[in-house]
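One structure is given here, and the rest of the page talks about it.
A note on names: the letters A, B, ... follow the listed sequences, proteins ahead of strands, and every chain is numbered from 1. Keep in mind that the numbers below use all heavy atoms, side chains included, and drop hydrogens, waters and symmetry copies.
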2 protein chains.
Amino acid sequence: MKNVNIRALARELKLSLSTVSKALRDSYEISAATKERVRALAAEWNYIPNAYASSLRGRKSKNIAVVLPEVADSFFSIAINGIEAAVKPKGYHVIIYLTHESYDGEAAILKDFQSGRVDGVLLSVSRETTRTDHVQELMDKEVPVVFFDRVLETLAAPKVVTDDAESAYKATTHLLSQGCREIAYLGISEDLYICRQRMEGYRQALRDHQLPVQPRNILTCAADATRNFQLVKKLLQRANRPDGIVASVEKLTTTVYQVCQQLQLHMPGDVKLVCFSNLEIATILQPSLTTITQPAFEMGKTAAEMLVKILEKKVLTEKDIRVVIPSELVVRGSSGVK
Amino acid sequence: MKNVNIRALARELKLSLSTVSKALRDSYEISAATKERVRALAAEWNYIPNAYASSLRGRKSKNIAVVLPEVADSFFSIAINGIEAAVKPKGYHVIIYLTHESYDGEAAILKDFQSGRVDGVLLSVSRETTRTDHVQELMDKEVPVVFFDRVLETLAAPKVVTDDAESAYKATTHLLSQGCREIAYLGISEDLYICRQRMEGYRQALRDHQLPVQPRNILTCAADATRNFQLVKKLLQRANRPDGIVASVEKLTTTVYQVCQQLQLHMPGDVKLVCFSNLEIATILQPSLTTITQPAFEMGKTAAEMLVKILEKKVLTEKDIRVVIPSELVVRGSSGVK
DNA sequence: ATGAAAGCGCTAACAG
DNA sequence: CTGTTAGCGCTTTCAT
């Protein structure tokens, strides 16, 4: 790469390596005059410290990893901004890794972190992830992990989540109050904790209204878009088709609208819909989409702040602290309110 | 971090450091038996090489940077997948950096790459970027840069782009053939090369149809969503308001639909719209959105493949090679076709 | 086929 | 206040 290193600066200035190093790090041991000389030459020569050398030496990289299922999802893309906002001022670099909803991908990525590449990890697990050992192993190597959104509940690591069960409860109750009696729940995984929580909220709402929880109304849309389309289509072609849908994930918005279009079902007349989503375009859909809007930015920011705190050894003594930031039900046209 | 290093393995196996190192790298100098012993213990002890030590020594990191304006945009999020697809098999890591459309952010990020943190860079410049020196400086330090989509035309670096001018030409011609006579063009920057190209295509189409290019019909929507909304609203409130719009960027879709909604303008009756966009939801909008769909995945993949080739020294002798992958005009409801 | 030793660039403990 | 020195963990000559 480049050859301006501390040694070169030292030689030029007729100083020792360590003096230059200390001067650059603004050590109290170095005289103001010397510091000035060093800084001047460093600037002039455009000296950039070698990241690997400092990391090797100091055993910290100032890199934090963000491990996500995907980035084509407004929740995650907004969360990234929150994360960046929190760590940039602290001088950390954000490295984004994508699992593409694959457990193997996730495990391979975390494995790699054992090489010391990153100082800490922000993790939102894949849809497939049921095991915890890959994360545990990393934590055993003293790499701090903070979960956000899609957490592994049983691990003793900090977690930042939203009130999934309550939100789904609210959404379902809202649909009930709009007159729905056959409400379906669309999940993307049977294992994902947040999906289970959301489903739980949905079930509880039904129970609290003396309505039966029908297995036929609970779908897992874990496949590709075309298969999800078929699944939802079948659902909405049923004789006793649902008159309300709670969709647990943004992706399913398109699916439901498309199916309704094809089946000539009218929203909100024939079917009402609430979707967990941070999509900006919720307002321009016809009808506009009633959403549960998650605090994506805040969740990312909070998780990142916790991680930085841990890295800076203002250690959280409670390893399994859990922060809940509530979501908001934003009522729009798709649930029948003009 | 962790303490299983080569030294520990060597000690345990009663071998020298170098023998272990060579064995792990499958050197021809080492006997099969020894290799086996080494590998076995390495596996058992879960040895993971220290990334910084190897990088420091070998002056390569196996990291490539992807520098983007933002990630909440389907073009970029899909492009990332193409990039990953290309480099994962080669053992490279993808590190995503976000400029948030800021030149300063971009410059700071590239500056940091001079530390050797990454072996090469895939770059799509910010809306604000007019200067080239920050990139030139990096290239001078022998860090290979490959542009994709948003290129700096004057730099002698490989570029992967789509046929921006032609696509805009096609879009405009399409609107003309649908009967539009007062067509507006919405850009996001006056400097961005691709925006200029798209605008050029638009102008050329008008000229070829003996229509005047009206400055009043060319807007730069470079600000936040609310201000863009105002701008577009003003445009569509004009006495001689446009009957067609070519929007150069996905973000503006929402804006245009919202304005039409508020002004009670009917698409495609009152206004027709074509948008550069890879949005999946194009089909569920009312009316469905006519798009110019860019080959996002292929562009990312191609750019990444070029970069890898350069890194592996199958050098491209032509530094300023330029690959053009065409976009596709997908006609839907918003331009008046059912 | 194996090992000794130098060194990538930087930091920090220890001396002066 | 400045300098000497010993590594961080790994790869790579150059011996043996």
Inset, instruction - Just call it for A/I6: base, sugar-phosphate, or nothing, with non-hydrogen atoms closer than 4.0 Å on any strand. - result: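 It contacts sugar-phosphate atoms only.
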Inset, instruction - Assign each of B/S16 and B/G58 to its nearest nucleotide of DNA chain C by heavy atoms, then name whichever residue's nucleotide is nearer the 5' end. - result: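 Its nearest nucleotide being more 5', the pick is B/S16.
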Write down the distance between [atom1] ([X]) and [atom2] ([N]), rounded to a whole number of angstrom.
| X | N | atom1 | atom2 | value |
| --- | --- | --- | --- | --- |
| B/R11 | C/dG3 | CZ | C1' | 16 Å |
| B/R117 | C/dC10 | CZ | P | 13 Å |
| B/L56 | C/dC8 | CG | P | 9 Å |
| B/L13 | C/dG3 | CG | P | 10 Å |
| A/L9 | C/dC10 | CG | P | 8 Å |
| A/I48 | C/dC10 | CD1 | P | 11 Å |
| B/K60 | D/dT12 | NZ | C1' | 15 Å |
| A/L17 | D/dG3 | CG | C1' | 10 Å |

salt_bridge([X], [Y]) N-O dist < 4.0 Å:
| X | Y | answer |
| --- | --- | --- |
| B/K90 | B/E305 | no |
| B/K159 | B/E153 | no |
| A/E101 | A/R150 | yes |

Inset, instruction - Let me know which of B/T99, B/I80, B/V125 forms a side-chain contact (heavy atoms from CB on, under 4.5 Å) with B/L68. - result: B/I80
Legend entry - Option passing side-chain contact (heavy atoms from CB on, under 4.5 Å) with A/F147 (candidates A/L122, A/L155, A/V161): A/L155
Inset, instruction - Please tell me which of the listed nucleotides, D/dG9, C/dC10, D/dC10, lies nearest to the side chain of B/Y47? - result: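 The nucleotide sitting nearest to the side chain is D/dC10.
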Legend entry - Over 12 foreign heavy atoms within 6.0 Å of CZ, A/R39: yes
Inset, instruction - Measure the acute angle between the ring planes of B/F113 and B/Y97, then classify it against the limits of 30° and 60° as parallel, tilted or perpendicular. - result: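 Aromatic pair B/F113/B/Y97 classed perpendicular.
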Legend entry - Phosphate OP1/OP2 of D/dG9: any B/N50 side-chain N/O under 4.0 Å: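 For D/dG9, neither OP1 nor OP2 has a side-chain N or O of B/N50 closer than 4.0 Å.
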Inset, instruction - Mind running a 4.0 Å heavy-atom check of residues 18-45 of chain A against DNA chain D and sending the residues that fall below it, in number order? - result: A/S18, A/T19, A/K22, A/E29, A/I30, A/S31, A/T34
